[in-house]
2 protein chains.
Amino acid sequence: MRHNPTRRTALLDAAIDVLARDGARGLTFRAVDTHAAVPTGTASNYFTNRDDLLTQVAHRVYERLTPDAPTMAAVHHGPRDHTTLTRLMHELVDRVTAFPSGHLALLELRLEATRRPHLRDLLTTRIRADVDANITTHIDSGLPGDATTVELLYLALNWLILERLTLPDVFPDPHHLVTELVRRLA
Amino acid sequence: MRHNPTRRTALLDAAIDVLARDGARGLTFRAVDTHAAVPTGTASNYFTNRDDLLTQVAHRVYERLTPDAPTMAAVHHGPRDHTTLTRLMHELVDRVTAFPSGHLALLELRLEATRRPHLRDLLTTRIRADVDANITTHIDSGLPGDATTVELLYLALNWLILERLTLPDVFPDPHHLVTELVRRLA
DNA sequence: ACTGTAGTACTCCAGATGTAGTGCTGTCAA
DNA sequence: TTGACAGCACTACATCTGGAGTACTACAGT
């Protein structure tokens, strides 16, 4: 077992790409090696088995999906009206869309979670915490809408992002949908 | 190449289950054979290659997801108000949830479509047509809400169903969310 | 010089593919 | 009724691919 953190992170980031590109079944040690451009067998040395790899990937995805400090701070500035919320939601969609492999990898992890109770528990906890954090931030900042608003936004925006990433021509104007969504839900 | 339609359909239905259970990479001729409980090599005889198999599976999923005649007819009866729409949406969620492998298989096909332009075009056409059909039915029947309402319902409900199928404990009360969704969007 | 990591090279193994070949069954005509 | 034929079910096999794991060598930092 090797412990170089830089290399481990690089391997995990490569694993995210592999997961997004080839799906859960495509996530093999060798595929990670190849995509990370490291010698064959390296991933074998860093992760004891596939379960270990998947778990660490899940953590890494969430680490990368967490918005940075400036983004979070921006929520607390400016007027707390529909316009601001609309802008924030557009930014959210664009931010997640800009890291497509993250969203797709998370989707693959969900599907894999169907078969791995351990992974399912981990993802359930993380995602529920994420939703709750969004609700708290939303309410505290005084933006329009209640807890249900946040949950419904979460649902619709997630699928909208999925459409953009997999079948972009189904909804040619996602921005219009985001605007309308906020207008009706908040 | 064999042509027994019953057997072909049985193989496709088995393929849907395999797709939902093991993902796109798990969809092999041998896996389909095993799950359909037919002798090894049968799927090889019915589909020229993987692309052929995937395409036919996509058609079959849509064939099975299409609501039956009584359901469609029900839309045109009863009052055209929020209550009716709410009931219809609950029924929709329950109907799709009752065929989990269909939804999951479609998801896998989407992800596979990222790599296969042919499949992507096929799915884009089918899904866009499906959304448009829903819009038309909705408007014609006089139910509350406009075209955007239908599209936003589609987005949120699809992700809600996904949550129910993969991480059911994230939203313990999906029915409440459906009710609220209709109330705010329509 | 020692320790730990990077990188290499192999052996083993599982599973997938495609096809050739055999036998069964249903159909049609004499 | 029977015999020939066609199409399908099923079996078996030869081959191929690719991943797992590990032992081994090389090298760099202390």
Side-chain angles (χ1 to χ4, degrees), chain A residues 1-58 60 101 105 108-109 111-112 114-116 118-119, chain B residues 1-58 60 101 105 108-109 111-112 114-116 118-119:
Chain A
M1 180 73 72
R2 313 292 162 78
H3 293 98
N4 182 336
T6 311
R7 208 174 176 82
R8 158 164 273 122
T9 306
L11 287 170
L12 288 175
D13 286 339
I16 292 173
D17 286 350
V18 171
L19 210 47
R21 205 188 52 201
D22 298 333
R25 288 277 292 232
L27 185 71
T28 65
F29 287 157
R30 290 299 189 270
V32 173
D33 290 337
T34 305
H35 196 263
V38 296
T40 307
T42 303
S44 290
N45 290 328
Y46 274 84
F47 309 97
T48 54
N49 52 43
R50 240 180 80 88
D51 214 86
D52 181 32
L53 176 60
L54 282 169
T55 307
Q56 294 200 36
V57 167
R60 176 64 182 157
S101 55
E108 290 288 349
L109 286 172
L111 295 170
E112 188 72 14
T114 305
R115 285 150 259 149
R116 297 174 186 267
H118 176 240
L119 190 58
Chain B
M1 180 73 72
R2 313 294 163 75
H3 293 96
N4 182 336
T6 311
R7 207 174 177 82
R8 159 163 274 121
T9 306
L11 286 170
L12 288 174
D13 285 339
I16 292 173
D17 286 350
V18 171
L19 211 46
R21 206 189 49 200
D22 299 334
R25 289 275 291 232
L27 185 71
T28 66
F29 287 157
R30 290 301 187 264
V32 173
D33 290 338
T34 305
H35 196 262
V38 297
T40 307
T42 304
S44 290
N45 290 326
Y46 274 84
F47 309 97
T48 55
N49 51 42
R50 239 179 80 88
D51 213 87
D52 181 31
L53 175 60
L54 281 169
T55 308
Q56 294 200 35
V57 166
R60 176 64 182 157
S101 56
E108 290 288 349
L109 287 171
L111 295 169
E112 188 72 15
T114 307
R115 283 150 259 150
R116 296 172 185 269
H118 177 239
L119 190 58

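In what follows, chains carry the letters A, B, and so on, assigned in the order in which the sequence lines appear, proteins first and then strands, with residues in each chain numbered from 1. Here the structure is a predicted model, which is why all the values come from computation and not from measurement.
If you take CG of B:D33 and P of D:dC10, they are 11 Å apart, rounded to a whole angstrom. Straight-line distance from the CG atom of B:L11 to the C1' atom of D:dC8: 13 Å, rounded to whole Å.
Closest-nucleotide positions on DNA chain D for A:N49 and B:V38 were compared, and the one nearer the 5' end corresponds to B:V38.
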**OP:** Go through the steps for A:L53 and A:Y46 under the test side chain to side chain contact (heavy atoms under 4.5 Å, CB included), then give the verdict.
**Re:** CA-CA 9 Å; A:L53 176 60; A:Y46 274 84; over 6 Å; no

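Minimum interatomic distance between A:F29 and A:A43 (heavy atoms only, all atoms of both residues): O-CB, 3.7 Å.
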Under-3.5 Å N/O pairs linking protein and nucleotides 9-15 of chain C:
none

Atom pairs and distances, side-chain donor-acceptor, residues 10-18 of chain B, under 3.5 Å, sequence neighbours left out:
from, atom 1, to, atom 2, distance (Å)
B:D13, OD1, B:R60, NE, 2.8
B:D13, OD1, B:R60, NH2, 3.3
B:D13, OD1, B:R64, NH1, 3.2
B:D13, OD2, B:R60, NH2, 3.0
B:D17, OD1, B:S101, OG, 3.3

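In the interface, the side chain of A:R2 is paired with the base of C:dA6 through a donor and an acceptor atom under 3.5 Å apart.
At least one side-chain nitrogen or oxygen of A:R7 sits closer than 4.0 Å to the OP1 or OP2 atom of C:dG7. B:N45 has no side-chain polar atom (N or O) that falls below the 4.0 Å cut-off from OP1 or OP2 of D:dA9. In this structure, A:Y46 does not reach the C:dT5 phosphate: none of its side-chain N or O atoms is under 4.0 Å from OP1 or OP2.
The side chain of A:P39 lies closest to C:dT8, out of C:dG18, C:dA6, C:dT8.
The salt bridge (Lys or Arg N to Asp or Glu O under 4.0 Å) check on A:D52 picks up nothing, with sequence neighbours excluded.
Of the charged side-chain nitrogens involved, at least one lies within less than 4.0 Å of a carboxylate oxygen, so that B:E112 and B:R50 count as a salt-bridged pair.
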